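Encoded as structure tokens, the structure appears first; notes follow it.
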2 protein chains.
Amino acid sequence: MPRQSDPHAKIKLLTAAEEEFVEHGLDRAKVEDISARAGLSKGAFYLHFASKEDAFKQLVETTLARLAHFVDAIPREEANEVFEDMARSMEFWLAKDLEIFEFIWQNRGLMRLLLEGGSSLRYRHLMDEFAERTRHVIVQSIALGAGRGFYRDDLDSDLASAFIAGAYDRYARQLVQLAKKPDLEGALRKMQTMVVRGVGSDALLAHVRPRAAAVSGDSPVIVPAQPVGPTRALAGGDR
Amino acid sequence: MPRQSDPHAKIKLLTAAEEEFVEHGLDRAKVEDISARAGLSKGAFYLHFASKEDAFKQLVETTLARLAHFVDAIPREEANEVFEDMARSMEFWLAKDLEIFEFIWQNRGLMRLLLEGGSSLRYRHLMDEFAERTRHVIVQSIALGAGRGFYRDDLDSDLASAFIAGAYDRYARQLVQLAKKPDLEGALRKMQTMVVRGVGSDALLAHVRPRAAAVSGDSPVIVPAQPVGPTRALAGGDR
DNA sequence: GCTGTCAGTGACTGGCGGGTCAACTATGGT
DNA sequence: ACCATAGTTGACCCGCCAGTCACTGACAGC
């Protein structure tokens with residue numbers, strides 16, 4: 001049994017590959033550069049991966065799988081009776097959001113690549129699949145909340161989902177660009193407040209920042225600079 | 001003066017190029033395929049464009065310039081006194097949104113490419129520039145509205161902008177995927193309602209779907225199927 | 001009809017980079 | 001020491017495609 005293979009080789013290659021993909025996108029990342037960055041040769045790369053795309057797929061699939069794991073857990077937990085209580089329900093969702101966005105932060109390089117689409121059009125389906133799967137979980141999860149009068153009854157479900165998804169989606173896109181980790185919990189709490197104001201029933205709304213806002217705790221920032229208006233739609237429309 | 005050039009050649013090439021770019025992305029679109037689709041030869045392509053990227057830049061730049069035109073017009077129009085009246089102000093914004101989304105619909109092929117990032121990472125800056133420019137216009141435009149008490153004073157401006165931009169951004173992404181043109185005005189009106197509920201002051205809120213919803217006109221759809229909940233973030237998936 | 005010009009052509013070139021493999025090297029067993 | 005085995009290397013091969021250019025032929029003017 002002569003010569004042992006470097007047990008870290010594959011990990012080093014995956015790390016290097018992620019960095020190169022994030023920097024240049026799938027198409028323009030070069031296998032030579034990936035192996036060089038890992039301190040190995042081109043040949044070594046092909047000992048561990050069938051092709052450049054194979055490495056990419058492994059990266060993306062494992063990341064999305066781990067992300068999906070958080071989502072898949074929801075239906076089970078939701079059978080719980082906490083959902084009879086709106087306040088506790090909101091806390092549950094907040095905790096879920098926090099878990100998910102924490103993961104996004106930790107994997108911000110790859111997530112940025114996926115969200116910004118540097119993975120060439122042929123890989124959109126991976127993201128789409130994940131999205132569809134998530135949507136399905138959400139639909140069944142939330143049916144409960146709907147029955148419990150959590151939401152306004154005059155909503156257009158397509159638009160409301162665009163509305164909610166858009167807000168969190170955009171925050172995710174913003175997050176992966178940051179250099180320093182922000183106060184995730186505070187941000188998600190505020191986001192939840194705005195979303196609930198937008199689509200929640202009056203009953204649910206009562207559980208959100210009960211009355212006046214500026215009491216003490218988590219600094220409701222008053223910012224005259226860059227106020228907000230009903231446009232900015234579009235593209236990277238904001239920072 | 002021998003031989004006239006086909007006056008439609010460049011237009012045919014641009015059209016074909018747009019289609020190929022939309023289908024395959026910048027990197028994988030082939031100049032041969034573009035010219036073939038235009039019914040011309042590869043050589044003809046290079047009579048009109050310095051390179052493949054040149055054609056791409058021309059397409060993107062002209063489209064973004066036309067889009068920016070709508071946005072740039074806002075500050076001038078906003079000097080108007082309609083902005084003293086909240087209801088008229090909302091109608092103004094709605095009209096603007098409609099104009100912009102109408103344009104997006106008409107150019108959905110290219111917009112899809114830009115939003116989904118099939119243009120290789122090196123062209124993000126074009127979109128980013130546009131976004132930054134838009135942001136600037138919005139900031140100065142809305143400063144007015146803030147002074148007039150249009151918005152809640154406990155907003156975190158970064159998050160509120162993510163919230164608003166996200167909603168419209170997501171709707172744009174959804175729109176460019178559709179095969180059939182939806183009722184844009186109805187959709188944007190509902191979106192505005194949700195957004196205003198999320199960030200508007202109580203005063204502004206009073207101008208939105210005054211009281212109960214289901215009166216007559218624009219069908220407030222009640223949809224038990226796929227209800228909506230505070231999740232779906234993320235990529236197409238939303239929280 | 002003849003000629004000069006120039007839009008348009010498409011075979012060809014060059015190089016880039018994904019993927020291969022014969023040679024090389026480190027290691028453990030005898 | 002020497003061999004057998006398996007990990008590692010990087011020069012090489014080759015397909016692909018952006019970009020070139022000598023050539024073709026349509027057309028205007030005479």
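Residue numbering restarts at 1 for every chain, and letters A, B, ... go by the order of the sequence lines. From a predicted model like this one, the values you see are computed outputs, not experimental measurements.
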Quiz item: Do B:K42 side-chain atoms and B:A36 backbone N/O form a donor-acceptor pair below 3.5 Å?
Solution: no
Practice problem: Select from A:G43 and B:A50 the residue whose nearest nucleotide in DNA chain D is closer to the 5' end of that strand. | Solution: A:G43
Quiz item: Expressed in angstrom and rounded to an integer, what is the separation of A:K42 atom NZ from C:dT20 atom P?
Solution: 10 Å
Self-check item: Integer-rounded Å distance: D:dC21 P and B:F45 CZ
Solution: 18 Å
Exercise. Nearest whole angstrom, please: distance from the C1' of D:dG10 to the NZ of A:K30.
Key: 17 Å
Exercise. Select one nucleotide: of D:dA18, C:dG8, D:dT8, the one nearest the side-chain heavy atoms of A:L47.
Key: D:dT8
Self-check item: Under the side chain to side chain contact (heavy atoms under 4.5 Å, CB included) test, residues paired with B:A68 that sit two or more places apart
Solution: B:D72, B:F130, B:R133
Quiz item: Rounding to a whole Å, what distance do you find between A:F21:CZ and C:dG18:P?
Solution: 9 Å
Quiz item: What nucleotide among C:dG19, C:dT9, D:dA18 has an atom nearest to a side-chain atom of B:Y46?
Solution: D:dA18
Quiz prompt | Under 3.5 Å donor-acceptor, B:K181 side chain and B:E102 backbone | solution = no
Self-check item: Atom-pair distance (CG on A:D27; C1' on C:dG18), nearest Å
Solution: 12 Å
Quiz item: When the distance from CD of B:E53 to C1' of D:dA18 is rounded to whole Å, what number comes out?
Solution: 11 Å
Quiz prompt | B:A9 vs A:R28, nearer the 5' end of DNA chain C by closest nucleotide | solution = B:A9
Quiz item: Nearest nucleotide by nearest heavy atom, which residue falls closer to the 5' end of DNA chain C, A:S51 or B:G39?
Solution: B:G39
Exercise. Flag the pair B:Y171 / B:F101 as yes when their ring centroid distance falls below 6.0 Å, and as no otherwise.
Key: yes
Quiz item: How long is the line joining CD1 of A:I34 and P of C:dG19, in whole Å?
Solution: 11 Å
Practice problem: In whole angstrom, give the distance that lies between atom NZ of B:K52 and atom P of D:dC17. | Solution: 9 Å
